[in-house]
Amino acid sequence: MSRRKSRLKNAAAIAGIGATEFSKDSGRSELQLALEAISSALEDAGLQHSDVDGMVNFSMDNNPANEVNRYLGGDHLTFFSRIHYGGGAACGVVHQAAMAIHAGVADVVVVYRAMNERSQQRFGTGVQDRPPVPTTENTNYGWHSPYGLLTPASWVAMQARRYMHEYGATSEDFGRVAVADRKHAATNPKAWFYQRPITLEDHQNSRWIVDPLRLLDCCQESDGAVAIVVTSTERARDLRQPPVLINAAAQCMTNDQMMMTGYYSDHVATLPEMGIVAEQLYATAELTPDDVQAAIIYDHFTPFVLIQLEEFGFCKRGEAKDFIRGGNIEMGGGLPVNPHGGQLGEAYIHGANGISEGVRQLRGTAVNQVEGAEHVIVTAGTGVPTSGLLLGIDEG
Amino acid sequence: MSEPERLRPIPAITRDTQFWWDGIQERQLLIQRCSACGNLRHPPGPMCPSCHSLDWETLASSGRGEIYSFVSFHHPPIPPFDVPNLIVLVELDEGTRVVSNLPGVPSDQVRVGMPVQARFDELEPGRLFLQFEPA
C-alpha cells in the first residue's frame, strides 16, 4: 500500500511564484504579507486576481481563505482547504491544489504561507504554564511539558540523540548541513544570511540550545510570505512562465504518529512517514533517486536533513553522515541540497520558500543554479504528518 | 508584592489520561493495558491500536528502566526550570517509554542504556512529579 501510485503525474503545474522580502520585522500585517505574495505570484504567472477559484493554506496560517479572498475581490472561490501539522503542510497544500485541479473543482489554486513569525508569534519560546483546555493535542503536550521539554528544538533533540546513538552521527555531521545551507545563502541576495557563510568551527563553537542541538543547528525565525499558483499543465503552457510540472505529490502519517514527539514507537531514529512520501513520489512520477538533480530538504533542524536523505534513498540507512561529507550536498556536489540556503540560511517560511526554489531551479532562474536540473525533490516538515513534491521540467 | 512563583506547566488531562496523573500523586507509575489482548500502551488513549478494544486496565510499573534518549535543555531559560535541565526518555522494563527528568546528574555522565529507577518528588507543595534516578 505504501508504494501507492497516484493519478496525479503531471496533471497540474506550478505557473507562478511570489514572495515578500524575508526579514525579522516586516512592519506590516500578516494579511498584507499574504496579499502581497499572492499578487506577486499571479503577476509572475500572468493571471488576474479574478482568475483565482481555489485556495489552500496551512491551518497554522493566521490568514483564512475568506479574509484573503475578500481583498482579492474574489466572488467564485469554489475550492478551499487547510492542512494541519505545521510545516508538514508545506507540500500538502500543493498536493491539495493538484488534486482539486485534476478533479475539476477549481482551475487556478493559490497556496500561501504568510507569517510574522519573528516579530509577532515566535514558535521557539516555549508553551505556557496555564492549565490548557484538554483537547487531544494539548493532552499530548502534557506528557512532556511538566519536565521542561517545551520547544521545537527540544522535541527534535530527543530524536536526534537517538539517531546519533543508533548510527554514530556526530554534532559535526549535523554541522555540515548548516555549513552547506549558509554557503548557499551567502550568494543569495534574498537570503537573510546573504554574504554570511559559516565554517564547521563556527558551528562547533556555537552555544547549546538543547544538547545535542547547537544554535547553528536551528533554523532562524522569519517574517515573510510565499505564494504559489497551481493550475492544469495544459493551461500553464499558455501562461507567462514555462510550467514546472508536479510530477508527483504525496502526504503521509504513519503508526503512532505524534506532533514532534514521536518517542513511543519503534521508529524514533527514522522518519517512516517521509519514507512513504518518497515511495509514493517515485512510484507516481516513475522516477528514482538517480533522476533527481537537486533536493530542497526541510531543514528546521539539521539532524532531520540527514534522516530525510536516507528516507529518500539518496543513501542507505545511517549513512547520511558519510553521504554529506566532502561537500556532496553543496553546489557542485553529487546532490546539491537547498541551493537557496534553506530555512537556516534564506528564511523560515514553514517550507513554502523551498517550493519556490524548486520552481526556480527548474525554470533555470535560481541564483545558485544547478546545471541540468530536470527533477527536484521538495520536502515538508519532519517529525509530524508530512508531505513532499517531485517537480520537473515540461518535456511535453 | 513579589512576583508569584512560576509553576511547572500543568498538563491537560482527559478522561483517557486521568488515571495516569492520579497514579503519580499516589506514587505509582501506571501503564495502560488492553483488557482484551494485554497490549501495553503509553501515552494512554481510549482504544487499543492492536485489537481495537475499548476496555483497558492498568499495570503498576516496577519503575525500572533504561535511558532510551536524553537532552540537556539550555535555551531559552523558561522558569521554573533550571538550565541546563536534563530531560530523559526512559524505556521501562515493561516495554513502554515515558519522558521525565534525571535531576542531579551531569549530562556528560548520562548514556543511552543507563539503568534508572522511577521516584516521585514533591517539587511543588502538594504536587508530586515523576522523576528518575540512576539505578
Side-chain angles (χ1 to χ4, degrees), chain A residues 122-166 206-215 218 254-258 261-266 268-269 303, chain B residues 6-18 20-21 24 41-46 49 67-91 95-103 107-108 110-113 123-124 127 129-132:
Chain A
R122 300 182 70 177
F123 298 162
T125 51
V127 300
Q128 299 172 356
D129 60 351
R130 287 187 290 275
V133 176
T135 61
T136 303
E137 286 184 326
N138 284 342
T139 303
N140 275 335
Y141 287 119
W143 299 114
H144 314 109
S145 59
Y147 314 102
L149 200 70
L150 295 163
T151 60
S154 69
W155 301 328
V156 170
M158 191 70 87
Q159 291 191 252
R161 175 88 64 193
R162 186 69 197 183
Y163 177 76
M164 296 166 89
H165 172 77
E166 292 196 15
S206 69
R207 64 192 166 110
W208 292 120
I209 298 300
V210 182
D211 178 2
L213 297 188
R214 299 177 182 279
L215 174 66
C218 306
T254 185
N255 66 306
D256 214 9
Q257 183 87 57
M258 293 180 70
T261 54
Y263 307 150
Y264 306 97
S265 66
D266 57 358
V268 177
Chain B
R6 274 188 70 158
L7 303 177
R8 287 187 175 220
I10 296 167
I13 298 175
T14 70
R15 288 173 177 83
D16 303 325
T17 66
Q18 182 75 52
W20 193 91
W21 298 99
I24 298 300
R41 57 187 196 257
H42 185 81
I67 302 291
Y68 191 81
S69 189
F70 64 98
V71 305
S72 181
F73 195 111
H74 290 251
H75 186 83
I78 303 172
F81 297 100
D82 295 328
V83 290
N85 174 25
L86 196 64
I87 306 161
V88 293
L89 175 62
V90 174
E91 185 163 277
T96 56
R97 295 186 205 123
V98 66
V99 166
S100 181
N101 299 114
L102 186 67
S107 64
D108 61 3
V110 182
R111 295 286 177 273
V112 170
L123 300 178
E124 295 165 12
R127 191 175 168 210
F129 288 81
L130 175 67
Q131 302 279 272
F132 280 83

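Proteins get letters first, then strands, A, B, ... in listed order; numbering begins at 1 in each.
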**Request:** Kindly compute the distance separating CG (A:Leu215) from NE2 (B:His74), expressed to the nearest 0.5 Å.
**Result:** 13.0 Å
**Request:** To the nearest 0.5 angstrom, please state how far the CD atom of A:Gln159 sits from the CG atom of B:Leu89.
**Result:** 9.5 Å
**Item:** Under 4.5 Å from a heavy atom of chain A, the part of B:Glu91 involved
**Value:** neither
**Request:** Check the angle between the aromatic planes of B:Trp20 and A:Trp143 and answer parallel, tilted or perpendicular using the 30° and 60° thresholds.
**Result:** perpendicular
**Request:** Can you measure from CG (B:Asn85) to OG (A:Ser154) and round to the nearest 0.5 angstrom?
**Result:** 9.5 Å
**Request:** Please name the pair of heavy atoms, one in B:Ala12 and one in A:Pro134, separated by the smallest distance, quoted to 0.1 Å.
**Result:** CB-CA, 3.7 Å
**Prompt:** chain A heavy atoms under 4.5 Å from B:Asn101: which part of the residue, side chain, backbone, both or neither?
**Reply:** both
**Request:** Would you mind telling me which of B:Pro76, B:Pro49, B:Ser100, B:Ser107 has the largest number of heavy-atom pairs within less than 4.5 Å of chain A?
**Result:** B:Ser100
**Message:** Is there a side chain to side chain donor-acceptor pair (under 3.5 Å) between A:Arg207 and B:His75? Walk through the geometry before answering.
**Reply:** CA-CA 9 Å; A:Arg207 64 192 166 110; B:His75 186 83; 3.2 Å; yes
**Complete:** Most heavy-atom pairs under 4.5 Å with chain B, out of A:Thr139, A:Val268, A:Asn255, A:Thr136, belong to A:Thr139
**Asked** Highest number of heavy-atom pairs under 4.5 Å with chain B: which of A:Pro146, A:Gly142, A:Ala269, A:Ala160?
**Response** A:Pro146
**Asked** Which of the residues B:Leu86, B:Thr14, B:Val99 is involved in the greatest number of heavy-atom pairs with chain A at under 4.5 angstrom?
**Response** B:Val99
**Fill in**
Counting heavy-atom pairs under 4.5 angstrom with chain A, the leader among B:Phe129, B:Tyr68, B:Trp21 is B:Tyr68
**Asked** Distance-only, no hydrogens or angles: does the B:Arg8 side chain make a donor-acceptor pair with backbone N or O of A:Ser145 under 3.5 Å?
**Response** no
**Complete:** What one should report as the nearest heavy-atom pair of A:Arg161 and B:Phe70 is NE-O, 2.8 Å
**Prompt:** What is the distance from atom CZ of B:Phe73 to atom CG of A:Asp211, rounded to the nearest 0.5 Å?
**Reply:** 12.5 Å
**Heavy-atom closest pair, residues B:Pro9 and A:Leu150** = CG-CD2, 3.9 Å
**Asked** Considering only heavy atoms, which portion of B:Val98 lies under 4.5 Å from any heavy atom of chain A: side chain, backbone, both, or neither?
**Response** backbone
**Fill in**
In terms of heavy-atom contacts, B:Leu130 and A:Tyr147 come closest through O-CE2, 3.4 Å
**Prompt:** Tell me, side chain or backbone of B:Ile13 under 4.5 Å from chain A's heavy atoms, or both, or neither?
**Reply:** backbone
**Item:** Qualifying residue for side-chain contact (heavy atoms from CB on, under 4.5 Å) with B:Val112, from A:Glu166, A:Arg162, A:Met164
**Value:** A:Arg162
